[in-house]
Amino acid sequence: MAVTETIDNTGHPTDASLQIAADGRLRHLLTLRDLDRQIITGLFDQAETFLGEPGQPGTRRGTLRGKTVANLFFEPSTRTRASFELAAKRLGADVLNLDVNKSSQQKGESVLDMVCNLQAMQVDVFVLRTAETGVPALVARHVAGHVSVLSAGESHVSHPTQGLLDAFTIRRRLGRIAGLTIAIVGDVAHSRVARSAAEVLLNMDAAEVRLVSPESLAPEPGTVPPGARILHDIEEGLRGADVVMALRIQKERIANPDGIPGTAQYFADYGVTCERMKLAAKNAIVMHPGPLNRGVEIESRLVDGPQSAIVEQVRNGVAVRMAVLSAVCRSSS
Ligand code: CP
């Protein structure tokens with residue numbers, strides 16, 4: 001493994017072909033852009049077999065016995081990190097959760113050197129969350145042939161397992177994705193969740209994906225999937241939508257908050273509320289990737305109400321990540 005290459009943080013999209021092995025199977029998961037629909041439906045069908053009932057022990061399999069999964073999170077996480085850890089353990093893997101803030105990265109070691117050393121300790125799968133664009137693809141280009149890299153969130157550009165679990169949750173709750181209208185409301189400019197969700201939902205023939213935000217939080221042209229519609233009027237955005245997904249304002253990515261509305265103003269202008277949900281389709285569901293801020297981007301009553309699929313998203317996330325881990329480990333064995 002070369003250790004001197006610098007990270008490509010120019011924001012260029014990851015080459016989607018990098019994640020597919022020569023035999024057509026999933027080797028890494030870095031982006032949902034151009035991911036083959038058969039692979040996606042295969043993951044969903046596999047995830048169905050991993051779902052458990054609330055209150056029952058989590059489904060266990062031995063698919064990853066003898067494998068080691070390392071979680072390297074360079075940004076905070078609750079759901080994704082816990083979910084990957086539980087998914088790997090329920091498949092029988094050894095799991096390493098490296099505290100990167102106490103790692104030798106603090107002494108100047110590069111991510112590639114860190115990965116190179118962990119690979120020497122027989123890590124088979126790296127789960128990476130990074131604030132910088134390009135790091136998961138860079139690592140994927142340098143690991144050994146039997147090793148896989150899974151993005152757990154790359155800057156503002158990609159969060160593929162979140163996109164998969166969102167699409168999977170819609171499929172389970174509404175029975176289909178094709179033909180649905182999905183409104184994603186909030187800080188689209190800084191949202192990897194919005195980009196990955198739009199990519200997979202359009203790929204699965206959603207009728208329309210609306211990206212709804214104030215102008216100050218709208219994405220740059222060309223940074224969202226072709227076919228997604230950018231809107232600024234929340235009422236227009238929610239009208240007739242089958243799915244409404246609220247996003248938080250990602251303050252950690254906003255260097256200059258001038259022009260960003262305060263929380264009360266934001267809730268008044270762009271909050272997803274019970275009243276505004278009356279504009280959506282009759283059986284519309286409400287989603288949020290978390291972490292959520294009640295009373296800022298979403299009304300608290302809606303989070304806990306019958307339209308909410310938010311807890312299901314989290315539950316489904318473990319099953320979807322089990323499916324992804326099974327797929328890449330099958331491809332490497
Ligand atoms: N949805 C999501 O990525 O949540 P975490 O940041 O808690 O992992």
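Order of appearance sets the numbers: ligands from 1, and atoms from 1 within every ligand. Residue indices begin at 1 and follow the sequence shown.
A donor atom on one side chain and an acceptor atom on the other are found under 3.5 Å apart for R129 and T80. Of the N and O atoms on the side chains of T161 and R321, at least one donor lies less than 3.5 Å from an acceptor on the other residue.
Contact residues of ligand 1 (protein heavy atom closer than 4.0 angstrom to a ligand atom; sorted by chain and number): S77, T78, R79, T80, R129, H159, Q162, P289, G290.
The residues K89 and D94 are annotated as not salt-bridged, no charged nitrogen and carboxylate oxygen being separated by less than 4.0 angstrom. Between R210 and D233 there is no salt bridge, since no side-chain nitrogen of the basic residue lies less than 4.0 Å from a carboxylate oxygen of the acidic one. With salt bridges taken as basic N to acidic carboxylate O contacts below 4.0 Å, none links R315 and E53.
The stretch residues 264-274 participates, sequence neighbours left out, in these side-chain hydrogen bond (donor to acceptor under 3.5 Å, both in side chains) pairs: Q265-D269.
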